[in-house]
Amino acid sequence: MTDERYDPAEVEPRWQAYWQEHDTFRTDEEKEPRFYILDMFPYPSGSGLHVGHPEGYTATDIVARYHRAKGHGVLHPMGWDAFGLPAEQYAIKTGTHPRDTTQKNIDTFRRQLKMLGFSYDWSREVDTTDPSYVRWTQWIFLKLFERGLAYQNEIAVNWCPALGTVLANEEVVGGLSERGQHPVVRKPLRQWVLKITEYSDRLLAGLEGVEWPKSTETMQREWIGRSEGAEVHFPLVDAEGELSVFTTRPDTLFGATFMVVAPEHESVAKITTDAQREAVTAYVAEAANKSDLDRKTAKQKTGVFTGGYATNPVNGAKVPIWIADYVLMGYGTGAIMAVPAHDERDFEFAKTFDIPIVEVVSKTGKASSAPLESAMAGEGVAVNSGAYDGLSTAEFKTRIIANLEAKGQGKGRVETKLRDWVFSRQRYWGEPFPIYFPVDTDGDPRAGADYAIRYDEPIAVPESELPVRLPELDDFRPGEDPAGVLARAKDWRFFQQDGKWFARETNTMPQWAGSCWYYLRYLSPHNDEAIFDAEQAERWLPVSLYVGGAEHAVLHLLYARFWHMVLYDAGVVSVPEPFGKLVHQGMILGEVEYTTQAGDKLAAADVKKNADGNFVLEADGSTPVTARAYKMSKSRGNVLNPDDVVERFGADSMRVYEMFMGPLEATKPWSTSSIGGVRRFLDRVYASVLRAEPVEADEALMKLAHRTIQKVTGDIEALRFNTAISAMMVLTNALVRAEHVPAEIASMLVRLVHPFAPHLAEECWLKLGHEPSVQFADWPEFDPALCVDDEVEVPVQVNGKLRGKLMLAKDASEETALSAARELGGVARQLEGKTLRKVIWVPGRILNLIVG
RNA sequence: GCGAGGAUGGCGGAAUUGGUAGACGCGCUGGAUUUAGGAUCCAGUGGGCUUUGCUCGUGCGGGUUCGAUUCCCGCUCCUCGCACCA
């Protein structure tokens, strides 16, 4: 009996079938307190799960199983973010409908997740491409539309000809599409835009109340990029009107020695003098052709004088106006007042073009005697600023804004970097917009009659007609028609109502749409009457724990919060923020690779570390070797497939290994040999359970068990899974060494192991003679009295160096400790012939004797 | 350049209201068992030395303290994010 090995290949599928058959993980609505434990749902790609997915999923699964064992209510669902480009591109290549590809990929992902034993309530599975889901995505869009938060605009967007679609700024990296690395050009197109900027203050304020990684909070803050300043109007000298600028430093107005407008600025033509027109036109043309990448990599400031001047409202000075591409049209007013003394960029520009630099802020309160060598961007005291001299930066700002407002020369203004969200794409595989437009035509546009679509009169599709389904197409290629792929589906696009012709919106929504609100649909995924039951929302929101990759720190999490706030304002949800606690699991890298400088791969055994701490060849200490783990990628060939890992070691081993690698949030390299150690641990747990007997545990073992319960419980709550596993290993090793394994201790261990290695735990629970499932067994409680020792080991130092150890009662006195310490050989030797000058005694912690 | 995080044995990592550095695991070494094993079990394992013990040691250089991986100051390197946002 005792030599029976644990066989995951047989045991794991058996318990998976059991859980499915018995609906073990169905959400229990009645139990309290309640925990909504959420994973970022995956995009079901064609390559299946990679080993990074199960990291976060295992973490949440442990927490979910732990809370169920504690008798708490748990909502732990899973679904699919299934719209997206790859399925569409695959369709273009092979003619396979994206729906078929998506369905196949979802089946693979579901199989793999079940193979890993995750305790999802599969009855709540959602799929963003399912018409019954799309219906509510469209419903939310209508809410946005009704509230004036969705509008159309002709804007210069990132058009990617290869993909045949517009990309969001964040989907363009270095002038290339994030997916596929195709060139992207700027092109004005009619787009749907969501007014996320209207929520920027609330998106900022809401961050106060959430329990998120600080780095993520900071990234969101910086992405929103709120800055307070002033808009100042500079009257033009030789032309009508004025030039308005935004500045965060109105206190430096007296130092504005020139102005700069963006090349795209509407006033360029008006400001430019005939003498300068040729040079300006050339510069504008050049700037228009520059990609974002060119602009970013340009080291030298460029620009051209327009020939025009404006008047500085505070001192009447005549300042020259330049155009330069370091001023961006998309921020502020697209024009700046340049204060070279106190802005690095302006300083650099002034140096390049020999423009005067006037110091108006000084740290000391006195103007510098020598010319400035660099811009002083900090705060200080005003100089060379007329009546304002001597004011601090803060005071100056307040005063001058008030004065500008009084004279109608400007006003206080708040700017954000956050732009409104370009929400339309020209693809097939996305949610259609529930919008249509009147059409002017004298025939049947489907049959080729001329038509004009009145895009400025969008009409909402009635709620009762949702969802607007995608038309069937067999050609998914992007066309030249910037109205999108759907424009080719004429029978779908055009329809008649009361004798008038109408045209549907042919753009589709971006992939973010479905992922913005999926956590809400999990509340009641089968509800056909409403987006979800209000009662369910009351019960489960906000999400208690949200785990997912840091790559979503800004976009997904910001967009989802925005939609949530809109739904809050619409009275649909009753909590202001969707996600309470947020954790990002770290990336799992490939195995460490040892390479020579020539790039040849080496085995770990051929490598050693030299005296300087560098890796070199074992055979030749002068040849340096690089030791590094790399991100898993197909091109590097270091991608691991969970199916292979499960086949070789079992799902429980994979789960426990991924949690044992290190802290959840850390980036860590994979090591196949280390999984073997975890597998041995699980084998020892099983072997110990098989040895369990109805005997009493001795005191030491009982104490160890209780301390393990305390440690594991605390570690699960704090998501410190690596140290929890370590503690369970210690207890297991003690059981392995014990002459008898008390059944009571084995039972405790199995219940602790359960959230980490559920299949093994179920099997062990059965072997111990209990009824399945271990999920319904009570979480073990520890007795605090058994977690403290009566006797403690106290280190004894002499002059701060360890010289011996004492076993003492935990409340032993200094006198007892001191006299016992003198008996220690190592201590006595150090004290010999010396005077005891001082005794440091921290009860139960340390005894330090200072001698001289 | 700016912001955030990090650096501990051959490797992954433990340990911070300052108190025995290296838990746990991998790897390695030796042993047991085995026809054999990349299976299992036992023991050892930070470096150095004149090895009952001494000494050095948590990226580098200082400081505070009886005592620093932990606190303070100044660096180096790595990872991630942002990058002309006025």
Side-chain angles (χ1 to χ4, degrees), chain A residues 3 5 213-219 221-223 225 227 229 245-249 252 260 295-296 298 301 324-328 330-339 342-346 348-349 377 415-419 550-551 553-554 586-587 591-592 604-605 607-609 611 613 615 627-629 657 660-663 665-678 680-681 683-684 687 720 722-730 732-733 736-737 793-805 825-826 829 837-840 842 844-851:
Chain A
D3 52 359
R5 283 289 307 280
K214 234 190 89 195
S215 58
T216 301
E217 267 184 52
T218 307
M219 279 164 75
R221 278 210 181 83
E222 288 178 355
W223 189 265
S227 54
V245 301
F246 172 71
T247 176
T248 54
R249 293 296 300 274
T252 62
V260 186
R295 275 203 185 193
K296 274 176 190 161
K301 291 263 180 300
D325 64 5
Y326 83 92
V327 171
L328 310 172
Y331 186 77
T333 62
I336 62 161
M337 61 174 213
V339 184
H342 305 290
D343 182 284
E344 274 175 45
R345 298 150 300 179
D346 298 346
E348 205 186 310
F349 193 83
E415 262 302 308
T416 58
K417 285 195 235 177
L418 183 67
R419 301 268 71 97
E551 66 273 20
V554 177
M587 200 191 315
E591 294 235 17
V592 173
V607 170
K608 63 176 177 185
K609 218 174 200 181
F615 281 99
R628 241 198 93 155
Y657 172 63
F660 187 59
M661 291 171 85
E665 301 90 336
T667 302
K668 29 201 185 269
W670 185 268
S671 160
T672 296
S673 63
S674 289
I675 312 180
V678 165
R680 274 190 284 282
F681 158 61
D683 283 342
R684 285 199 294 270
R720 287 186 304 242
N722 53 332
T723 48
I725 293 164
S726 164
M728 291 187 287
M729 285 173 167
V730 171
T732 305
N733 290 345
V736 167
R737 273 182 225 113
E793 191 187 62
V794 177
V796 181
Q797 298 179 339
V798 178
N799 286 345
K801 287 189 175 162
L802 183 70
R803 298 297 175 183
K805 292 167 187 178
R829 248 197 314 281
R837 306 234 181 248
K838 194 174 173 187
V839 176
I840 314 268
V842 183
R845 299 303 290 271
I846 197 142
L847 178 65
N848 190 4
L849 308 177
I850 311 303
V851 301

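Keep in mind that this is a model prediction, so the values were computed, not measured.
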Between [X] (side chain) and [Y] (backbone), is there a donor-acceptor pair under 3.5 Å?
| X | Y | value |
| --- | --- | --- |
| Lys668(A) | Pro663(A) | yes |
| Glu344(A) | Ala377(A) | no |
| Asn848(A) | Gly800(A) | yes |
| Arg684(A) | Thr732(A) | no |

Using the side-chain heavy atoms of [X], tell me which of these nucleotides is nearest: [options].
| X | options | answer |
| --- | --- | --- |
| Lys301(A) | C84(B), C54(B), A14(B) | C84(B) |
| Phe246(A) | G67(B), A86(B), G10(B) | A86(B) |
| Asp343(A) | C54(B), C26(B), A86(B) | A86(B) |

Measure the [atom1]-[atom2] distance between [X] and [Y] for me, rounded to the nearest 0.5 Å.
| X | Y | atom1 | atom2 | answer |
| --- | --- | --- | --- | --- |
| Phe615(A) | Arg628(A) | CZ | CZ | 13.5 Å |
| Arg845(A) | Ile840(A) | CZ | CD1 | 14.5 Å |
| Arg720(A) | Ser726(A) | CZ | OG | 12.0 Å |
| Tyr657(A) | Asn722(A) | OH | CG | 12.0 Å |
| Met728(A) | Thr723(A) | CE | OG1 | 9.5 Å |

[N] to [M] separation - [atom1] atoms, rounded to the nearest Å:
| N | M | atom1 | result |
| --- | --- | --- | --- |
| U45(B) | A39(B) | C1' | 23 Å |
| C75(B) | C24(B) | P | 40 Å |
| C80(B) | A14(B) | C1' | 24 Å |
| A23(B) | G13(B) | C1' | 10 Å |
| A68(B) | U20(B) | C1' | 14 Å |
| G27(B) | C77(B) | P | 35 Å |
| U55(B) | G5(B) | P | 38 Å |
| U17(B) | U70(B) | C1' | 11 Å |

For [X] and [N], what is the distance between atoms [atom1] and [atom2] respectively, to the nearest whole Å?
| X | N | atom1 | atom2 | result |
| --- | --- | --- | --- | --- |
| Tyr657(A) | C11(B) | OH | P | 15 Å |
| Lys417(A) | C82(B) | NZ | C1' | 7 Å |
| Glu344(A) | G1(B) | CD | C1' | 8 Å |
| Lys668(A) | G25(B) | NZ | C1' | 15 Å |
| Glu348(A) | G1(B) | CD | C1' | 11 Å |
| Trp223(A) | A4(B) | CH2 | C1' | 17 Å |
| Glu591(A) | G27(B) | CD | C1' | 12 Å |
| Asn848(A) | G18(B) | CG | C1' | 13 Å |

Sugar-phosphate only, base, or nothing, as touched by [X] at under 4.0 Å among non-hydrogen atoms:
| X | answer |
| --- | --- |
| Ile840(A) | base |
| Thr416(A) | nothing |
| Arg720(A) | nothing |

Would you verify whether the NZ or CZ of Lys301(A) falls within 45 degrees of the ring axis of Tyr326(A) while also being under 6.0 Å from that six-membered ring's centre?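 Output yes; distance and angle both within limits.
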
Going by the rule side-chain hydrogen bond (donor to acceptor under 3.5 Å, both in side chains), which residues pair with Ser674(A) if we only count those two or more places apart in sequence or in a different chain? Ser671(A)

Is the glycosidic angle of G74(B) within 90° of 0, making it syn, or outside that range, making it anti? anti

Fill in the dot-bracket string of RNA chain B, one character per base: . for unpaired, | for a pair to another strand, ( ) or [ ] for pairs within the strand, taking Watson-Crick or G-U pairs under 3.5 Å. (((((((..(((......[....)))((((((.......))))))((((...))))..(((((..]....))))))))))))....

Anything under 3.5 Å between a protein N or O and an N or O of nucleotides 78-81 of chain B, put it in a table, one pair a line.
none

First of Ile850(A) and Gly662(A) reached from the 5' end of RNA chain B, by closest nucleotide: Gly662(A)

Any [X] side-chain heavy atom under 4.5 Å of [Y] side chain:
| X | Y | answer |
| --- | --- | --- |
| Asn799(A) | Ile850(A) | yes |
| Thr252(A) | Met337(A) | yes |
| Asp346(A) | Ile336(A) | yes |

Please give me the minimum heavy-atom distance between Tyr331(A) and Ser227(A), naming the atom from each residue.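 Answer, listing the atom of Tyr331(A) first, then Ser227(A): OH-OG, 3.0 Å.
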
Should Ser227(A) be listed as having a side-chain N or O under 4.0 Å from OP1 or OP2 of A86(B)? yes

Does the side chain of Arg221(A) get closer than 4.0 angstrom to OP1 or OP2 of G3(B) through an N or O atom?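 No, because none of the side-chain N or O atoms of Arg221(A) sits under 4.0 Å from OP1 or OP2 of G3(B).
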
Within the 4.0 Å limit for protein heavy atoms, which parts of nucleotides 43-52 of chain B are touched? Write it as a string from 5' to 3', B for base, S for sugar-phosphate only, - for none. ----------

Salt bridge (charged side-chain N to carboxylate O under 4.0 Å, His left out) involving Arg803(A) - partner list, sequence neighbours excluded: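 Per chain and number, Arg803(A) pairs via salt bridge (charged side-chain N to carboxylate O under 4.0 Å, His left out) with no residue.
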
What's touching nucleotides 20-24 of chain B from the protein side, N or O pairs under 3.5 Å?
unit_1	atom_1	unit_2	atom_2	d
U20(B)	O2	Lys805(A)	NZ	2.9
U20(B)	N3	Glu793(A)	OE1	2.7
U20(B)	O4	Glu793(A)	OE1	2.6
A23(B)	N3	Ser726(A)	OG	3.2
C24(B)	O4'	Ser726(A)	OG	3.0

